[in-house]
Amino acid sequence: DGSYMPLYNVPTQYTYGETVYDKGSTVVQSMRAYFGDSIFFDAATAYLEEFAYNSASSYDMRDFLTDHTGIDMTDFFEAWVFTAGTPHFSIDSFAINENGANFDVDIYSKQKYKGVDFLANSNIVEVNFIDEDWNIFSDTIHFSGKTGHSVKQLSFEPIAVFIDLYEKTCDATTDNYQIVDAIGEYDFPKTFCMLDFEEISDSAFVRVTHNWAAPDSLKNPIAALILSDYRYWKIEGAFPENFTTKARFFYSKISYLDNTLLANQEDSLVVLYRENASVDWQGIDFYRIGNSSIGNIYVENAQPGEYTLAVWDAQYVGENEISKNELKFEVFPNPSSESFTFVFDAKENSILKIYDSSSKLVKSFNTKKGENTIKWIPSELAYGTYFLQLVSGKEIQLNKKLLYLK
């Protein structure tokens, strides 16, 4: 319909548009999850009988459902009917603690919102717990605003905790789960992600979620690095001790998935990873098949966690694009037509990685703790823009832009 619209008071020209029909049906489904089946079907029947052969507004429906069920529907209608866009729910983290013969699971939930600047209140969302035999037990969490905290007591220790595994609430996510019991490619429909299991010692319960919301921002901002403002992925589940899988993530400027991120054709597309919300996004090795507008990014040995697309701003030029712990790092000359010399004092053993403008790793150097001097001669490479990273473990210590010019 050209923009995000609330369900209430839709302009006449969009009476038969996607907001009314597609979003309308998802809101009804979300209301069903909010009430639970028995309350929902009873209330829906009573509403239709009450207003049969008469007109009714969204406010009439809200007030009738509130009176009939005894559940205040003010916040639900405010978020899902009267406000444009869609809520987005996720589990930020969870912790499991023994409590006698039982287990207390602390669940920390998070809300974002797709389309407009808004946060819903009085949210009710299903959570799902899986035991060692892969039996699934469900409950609900209740929270308002940006974050929430709930404690659920279980008679077993869960090996995985999910939010809305069965997609009962039509928030701004698309997800699918599969049992992986053999090597091969597994597609997770409509998530723009495929996993190719090359080795697996036992069966795995794997869920991939495509989040239609911006990822969390960098804890330590990088001036030249721009994260997607639109989407990110999460891979989670119950995995055996030994497995190897390659992840494929689809990107596209043409289909409006990444048109805001890929605004500048000269920017360099990369993928970032974090194990969970407690750590910062980090650069990881990958390769890309495609062009600047559409294609796939491949990550070898992908791990459970979150992934997002990002770009290096090709127009950015700075002396210190990242500086952590006052790391001293010099590059000279830059720009250069022959060679680059790197002089730095590494805090620990690290790897110096150099990527071309298509995000392909073209050179790496192992460095030792202490003072290092490295000379790089890119004589066999094409002239252009390159990006340098100093990586310690999974943490990026520094990023710099190199200009290799005639």
Side-chain angles (χ1 to χ4, degrees), residues 26 29-30 33 85-94 107-115 120 123 125-130 134 136 138-141 143 146-148 158-180 185-197 204-217 227-239 243 245-252 255 257-258 261 271-279 281 284 296-297 299 302-310:
T26 65
Q29 172 67 11
S30 299
T86 308
H88 170 275
F89 303 118
S90 65
I91 292 179
D92 189 69
S93 62
F94 65 88
I107 301 171
Y108 298 90
S109 51
K110 179 183 291 184
Q111 179 188 180
K112 297 179 180 180
Y113 207 90
K114 173 182 171 62
N123 302 304
V125 188
E126 188 172 89
V127 290
N128 315 93
F129 308 92
I130 183 171
W134 292 6
I136 298 173
S138 301
D139 203 336
T140 58
I141 56 173
F143 73 103
K146 185 176 182 179
T147 59
I159 61 174
V161 181
F162 305 103
I163 190 166
D164 196 23
L165 182 66
Y166 303 116
E167 290 276 51
K168 293 182 177 180
T169 299
C170 297
D171 68 331
T173 61
T174 305
D175 62 72
N176 279 280
Y177 67 89
Q178 295 191 48
I179 305 300
V180 175
E185 294 186 350
Y186 292 80
D187 187 26
F188 293 81
K190 300 184 179 181
T191 65
F192 308 100
C193 176
M194 184 275 293
L195 299 179
D196 183 2
F197 280 83
F205 188 104
V206 185
R207 184 198 202 191
V208 174
T209 299
H210 183 278
N211 296 275
W212 296 97
D216 292 342
S217 58
L227 276 63
S228 172
D229 61 351
Y230 194 61
R231 62 191 188 118
Y232 69 98
W233 292 269
K234 184 173 185 178
I235 299 174
E236 59 185 328
F239 294 84
F243 72 94
T245 184
K246 178 168 61 178
R248 184 186 74 191
F249 302 105
F250 176 72
Y251 68 91
S252 175
S255 59
L257 288 171
D258 307 301
L261 181 67
V271 62
L272 305 180
Y273 166 81
R274 67 178 188 178
E275 184 178 0
N276 53 56
S278 68
V279 297
W281 294 102
I284 55 175
N296 291 289
I297 280 183
V299 176
Q303 297 297 310
E306 295 179 353
Y307 297 82
T308 188
L309 299 177

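These numbers come from a predicted model, not from an experiment. Quick note: residue numbers are just sequence positions, from 1.
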How many angstroms lie between [atom1] in [X] and [atom2] in [Y], if you round to the nearest 0.5 Å?
X	Y	atom1	atom2	value
Tyr251	Ile297	OH	CD1	6.5 Å
Asn296	Cys193	CG	SG	10.0 Å
His210	Tyr307	NE2	OH	15.0 Å
Lys234	Thr191	NZ	OG1	14.5 Å
Met194	Glu185	CE	CD	4.0 Å

request  = Evaluate the criterion side chain to side chain contact (heavy atoms under 4.5 Å, CB included) for residue pair Asp164 and Phe89; output intermediate values, then yes/no.
outcome  = CA-CA 9 Å; Asp164 196 23; Phe89 303 118; over 6 Å; no

Say whether, by atom type as modelled, one donor and one acceptor occur between the side chain of [X] and the main chain of [Y] under 3.5 angstrom.
X	Y	value
Ser30	Cys170	yes
Asn176	Pro189	yes
Tyr273	Pro304	yes
Lys112	Ala214	yes
Asn123	Phe143	yes
Asn276	Ser278	yes
Ser252	Leu257	no
Glu306	Leu272	no
Asn128	Leu165	yes
Asp196	Lys246	no

Contact between [X] and [Y] at the side-chain level, heavy atoms closer than 4.5 Å - yes or no?
X	Y	answer
Glu126	Tyr166	yes
Gln178	Phe188	yes
Trp233	Thr308	no
Lys146	Tyr113	no

request  = Given side chain to side chain contact (heavy atoms under 4.5 Å, CB included), test His88 with Gln111 step by step and report yes or no.
outcome  = CA-CA 6 Å; His88 170 275; Gln111 179 188 180; 6.0 Å; no

Candidate list Ile91, Val127, Asp92, Ile141, test side chain to side chain contact (heavy atoms under 4.5 Å, CB included), partner Ser109, passing option =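 So the option named by the test is Ile141.
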
query = Please walk me through it: do Leu195 and Arg248 pass side chain to side chain contact (heavy atoms under 4.5 Å, CB included)?
reply = CA-CA 6 Å; Leu195 299 179; Arg248 184 186 74 191; over 6 Å; no

ask   = Ring centroid separation for Phe239 and Phe197, is it under 6.0 angstrom?
value =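 Phe239 vs Phe197: aromatic centres not under 6.0 Å.
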
Proximity of Phe249 and Phe192 rings by center, below 6.0 Å = no

task = May I ask you to decide if the ring planes of Trp212 and Tyr230 are parallel, tilted or perpendicular, using 30° and 60° as cut-offs?
result =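 Correct class here is perpendicular.
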
request  = Report the relative orientation of the aromatic rings in Phe205 and Phe162; use parallel for angles under 30°, tilted for 30 to 60°, perpendicular for over 60°.
outcome  = tilted

Where is the tightest heavy-atom contact between [X] and [Y], given as atom of each residue plus distance?
X	Y	value
Pro158	Phe129	CB-CB, 4.2 Å
Thr209	Glu236	OG1-OE2, 4.1 Å
Trp281	Asp216	NE1-O, 2.8 Å
Pro215	Arg231	CD-O, 3.8 Å
Val125	Ile163	CG1-CG1, 3.7 Å
Trp134	Ala204	CH2-C, 3.4 Å

query = Less than 4.0 Å between a side-chain N and a carboxylate O, is that true for Lys114 and Asp171?
reply = no

query = Any salt bridge between Asp175 and Arg207, counting N to O under 4.0 Å?
reply =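 Looking at Arg207 together with Asp175, the answer is yes, because their closest N to O distance falls below 4.0 Å.
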
request  = Show your working on side chain to side chain contact (heavy atoms under 4.5 Å, CB included) between Val206 and Thr245 and close with a plain yes or no.
outcome  = CA-CA 11 Å; Val206 185; Thr245 184; over 6 Å; no

